[in-house]
Amino acid sequence: MRLSNYFLPVLKETPSEAQIASHRLMLRAGMIRQAAAGIYSWLPLGFKVLRRIENIVHEEQQRAGHVPLLMPTLQSADLWRESGRYDDYGEEMLRIRDRHKRDLLYGPTNEELITDIFRSAVGSYKDLPLTLYHIQWKFRDEIRPRFGVMRGREFLMKDGYNFDLTKEDALHAYNRHLVSYLRTYERMGLKAIPMRADGGPIGGDYTHEFLVLAETGESEVFYDSEITDLTFGDREIDYTDVGQCQAVLEEFTSRYARTDETHDEAVFAEVPEERRRTARGIEVGQIFYFGTKYSEPMGATVVTAGGERVPVHMGSHGIGVSRLVGALIEANHDERGIIWPEGVTPFHVGIVNLKQGDEATDAACEALYKGLQALGLDPLYDDRSERAGAKFATMDLIGLPWRITVGPRGLKNGVVELTSRRTGESEEMSPEDAILKVNGIYAGL
RNA sequence: CGGGGCGUAGCGCAGCCUGGUAGCGCGGCGGUUUUGGGAACCGUAGGUCGUAGGUUCGAAUCCUAUCGCCCCGACCA
């Protein structure tokens with residue numbers, strides 16, 4: 001993309017309503033614009049990041065064997081009356097009435113709808129196990145939306161639901177989700193720690209939340225410092241292997257890690273003192289096993305091999321996709337702006353032309369731009385007639401992890417400069433080598 | 001929902017207390033000189049002062065109501 005053809009309304013000054021880094025930077029970098037309290041338009045740059053996160057979630061879900069579909073944002077109140085949650089959910093649910101005076105709601109989650117789909121189409125144990133998921137906008141009428149997309153009222157969430165014949169099968173699904181979530185966050189360059197959590201309105205005894213450590217996090221967390229050393233890495237995993245998934249769960253949940261909801265001082269005291277940590281975290285996902293809580297009242301049953309009709313065991317699992325954009329920035333920024341991890345960056349590399357209009361630099365930039373694109377990379381070429389400082393400031397603000405600087409001074413010696421946004425380190429090399437180097441950086445992702 | 005605060009040009013703000021021609025910086029547009037870390041100068045456009053009532057000769061300013069937004073708390077992916 002050429003910046004002159006793009007829509008990137010960056011702000012030099014910080015809008016007064018933004019208090020935390022991610023909110024400030026998303027507004028300044030032209031990623032979002034507020035439409036109402038807790039409701040945002042996603043401008044091109046923000047939309048691009050959102051889509052990249054969404055894609056990673058899709059890929060990892062499908063790698064784990066989960067099946068995508070798409071349910072609507074508006075749901076009929078009748079289904080929620082059936083489950084008993086229409087009255088239980090409270091003021092957070094946005095209720096709407098249509099012209100025929102029928103009660104609708106903007107879905108805050110989809111247990112009822114998915115259970116309805118399941119029960120009308122599945123009747124046999126032979127159809128199990130099954131995990132369906134979608135990535136769809138949700139609405140929860142928060143009392144007090146804040147922190148930009150971190151606590152919006154409208155937010156994009158991946159929510160998935162597993163249907164299994166037995167509790168054991170459903171717990172495998174639970175473990176499988178934990179593993180796939182570890183992979184998902186790691187691909188985005190985020191360390192998200194699974195912590196024992198509270199069931200909340202969705203309910204269930206088995207539940208873990210995934211927390212990204214950040215000063216601006218809304219939850220207080222307590223953990224054994226050993227847990228932050230764990231990484232999933234590029235190990236191979238067979239998601240159908242019950243033992244493997246179980247082993248990963250045990251590896252990642254055996255150490256103390258809890259939010260304030262479930263924190264237990266007595267148990268925490270058993271962790272060696274030098275490893276005890278108290279911090280703040282951003283919740284970016286949660287997994288539940290809740291048994292037959294919805295299948296029983298809603299009649300989601302299958303017939304077993306023995307001819308018996310039984311309610312299915314279910315669980316649900318969520319990843320806050322739009323919140324992740326904010327969480328990623330909280331975890332990756334400095335005083336100059338955002339620093340995107342390679343896995344989610346909106347553009348792979350920025351090209352800064354220091355002397356727009358100069359024949360040699362223009363030609364070198366064009367060659368770089370086309371060369372990078374030819375390798376399937378997505379560069380952002382700053383071809384505006386701005387001064388060097390303004391171009392650098394924009395690049396730093398929007399946080400592309402790599403920048404190629406092209407100026408007459410370097411070109412005289414046949415070199416351009418490749419700079420890491422994270423470390424600030426620059427290296428001079430020929431344009432051809434710069435293309436190869438950038439290609440190499442992204443080859444594994 | 002309790003407490004606090006704010007709505008004045010695209011953004012950041014002053015003016016309000018003490019009523020009398022609506023301002024500043026950034027940004028935009030045109031021009032000149034510049035050009036390796038948000039350039040300088042000149043010119044220029046842009047505002048029913050959130051909205052509705054009221055008081056007054058006169059309201060951004062005082063009064064009332066209302067809408068919106070932000071912050072702290074309780075609640076939450």
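Below, chains carry the letters A, B, ... as their sequence lines are ordered, and counting in each starts from 1.
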For the side-chain hydrogen bond (donor to acceptor under 3.5 Å, both in side chains) test, which of A/Arg196, A/Arg276, A/His263 pairs with A/Tyr256?
A/His263
Identify whether any heavy atom of A/Gly152 sits under 4.0 Å from a base atom; if not, whether one sits that close to sugar-phosphate; answer base, sugar-phosphate or nothing.
base
A/Glu428 meets the salt bridge (charged side-chain N to carboxylate O under 4.0 Å, His left out) criterion, sequence neighbours left out, with none
If pairing requires Watson-Crick or G-U wobble contacts with both distances under 3.5 Å, which nucleotide is the partner of B/rC41?
B/rG31
Rounding to a whole Å, what distance do you find between A/Ile143:CD1 and B/rC71:P?
15 Å
Nearest-Å distance once atom C1' is located in both B/rG68 and B/rU8
15 Å
Under 4.0 angstrom between A/Lys12 side-chain N/O and B/rG27 OP1 or OP2:
yes
Could you check whether A/Gly407 gets within reach of a base, just the sugar-phosphate, or nothing at all, counting any heavy atom under 4.0 Å?
base
Taking the six-membered ring for Trp, are the ring centroids of A/Tyr174 and A/Tyr289 within less than 6.0 Å of each other?
no
Quick one: label A/Glu417 by what it contacts on the DNA or RNA (base, sugar-phosphate, nothing), any heavy atom closer than 4.0 Å.
base
Are A/Arg277 and A/Thr228 close enough that a side-chain donor and a side-chain acceptor fall under 3.5 Å?
no
Looking at the base of B/rG38, is there any donor atom on it, or on the side chain of A/Arg28, that sits under 3.5 Å from an acceptor on the other one?
yes
Looking only at atom P, what distance separates B/rC63 and B/rG7, rounded to whole Å?
15 Å
Tell me the interatomic distance from A/Arg144, atom CZ, to B/rC69, atom P, rounded to whole angstroms.
13 Å
Using the P atom in both, what is the distance from B/rU34 to B/rC26, to the nearest Å?
22 Å
Residues in side-chain hydrogen bond (donor to acceptor under 3.5 Å, both in side chains) with A/Arg183, at least two apart?
A/Glu60
One thing to verify: whether A/Arg421 and A/Glu342 come together as a salt bridge, which I'm taking to mean a side-chain N less than 4.0 angstrom from a carboxylate O.
no
Return no unless some side-chain N or O of A/Gln356 is found under 4.0 Å from OP1 or OP2 of B/rU35.
no
Please work out if A/Gln19 contacts a base, only the sugar-phosphate, or nothing of the nucleic acid, heavy-atom cut-off 4.0 Å.
sugar-phosphate
Rounded to whole angstrom, note down the P distance from B/rG38 over to B/rG46.
32 Å
Have a look at A/Arg403 and say if it touches a base, only the backbone sugar-phosphate, or nothing, with a 4.0 Å heavy-atom cut-off.
base
Rounded to the nearest 0.5 Å, how far does CE of A/Met1 lie from CG of A/Leu3?
9.5 Å
Sub-6.0 Å ring centroid separation between A/Tyr6 and A/Phe347:
yes
Between B/rG50 and B/rG31 - P atom distance, rounded Å
36 Å
Expressed in whole Å, how much space separates the C1' atoms belonging to B/rA9 and B/rU56?
29 Å
Integer angstrom distance from the P of B/rC49 to that of B/rG37:
45 Å
Whole angstrom is fine here: how far is it from CD in A/Glu92 over to C1' in B/rC1?
13 Å
Quick one: which of B/rC69, B/rG37, B/rA74 gets closest to the side chain of A/Arg336?
B/rG37
Exactly one of A/Glu417, A/Glu432, A/Glu427 should register a salt bridge (charged side-chain N to carboxylate O under 4.0 Å, His left out) with A/Lys437. Which one does?
A/Glu427
CG of A/Leu411 versus C1' of B/rG36: gap in Å, rounded?
12 Å
Could you tell me the separation between the CG atom of A/Leu354 and the P atom of B/rG38, rounded to a whole number of Å?
13 Å
Measure the distance from CG on A/Leu27 to C1' on B/rC69 and round it to the nearest whole Å.
13 Å
Without hydrogens or angle criteria, can the side chains of A/Ser420 and A/Glu425 be said to hold a donor-acceptor pair below 3.5 Å?
no
What is the distance from CD of A/Gln34 to P of B/rG7, rounded to the nearest Å?
17 Å
So what's B/rG53 paired with, Watson-Crick or G-U wobble, going by both distances under 3.5 Å?
B/rC63
For A/Gly410, report the nucleic acid contact type (base, sugar-phosphate, nothing); a contact means any heavy atom under 4.0 Å.
base
Looking at B/rC69, which nucleotide sits across from it as a Watson-Crick or G-U wobble partner, both distances under 3.5 angstrom, or is there none?
B/rG5
Counting heavy atoms from C-beta on, name the nucleotide in B/rC72, B/rA39, B/rG38 closest to the side chain of A/Arg387.
B/rA39
Please report the distance separating the C1' of B/rG27 from the corresponding atom of B/rC70, rounded so that it comes out in whole Å.
24 Å
Nucleotide by nucleotide, 5' to 3', does protein get under 4.0 Å of the base (B), only the sugar-phosphate (S), or neither (-) in nucleotides 10-16 of chain B, counting heavy atoms?
-BSS---
May I ask which nucleotide in the shown strands pairs with B/rU48, Watson-Crick or G-U wobble, both distances under 3.5 Å?
none
For A/Ala18, which contact category applies under a 4.0 Å heavy-atom criterion: base, sugar-phosphate, or nothing?
nothing
Rounded to the nearest Å, what distance is computed from the CD atom of residue A/Glu91 to the P atom of nucleotide B/rG2?
13 Å
For B/rG19, what is the paired nucleotide under Watson-Crick or G-U wobble rules, both distances under 3.5 Å?
none
Report which part of the nucleic acid A/Ala393 touches: base, sugar-phosphate, or nothing (heavy-atom distance under 4.0 Å, all strands).
base
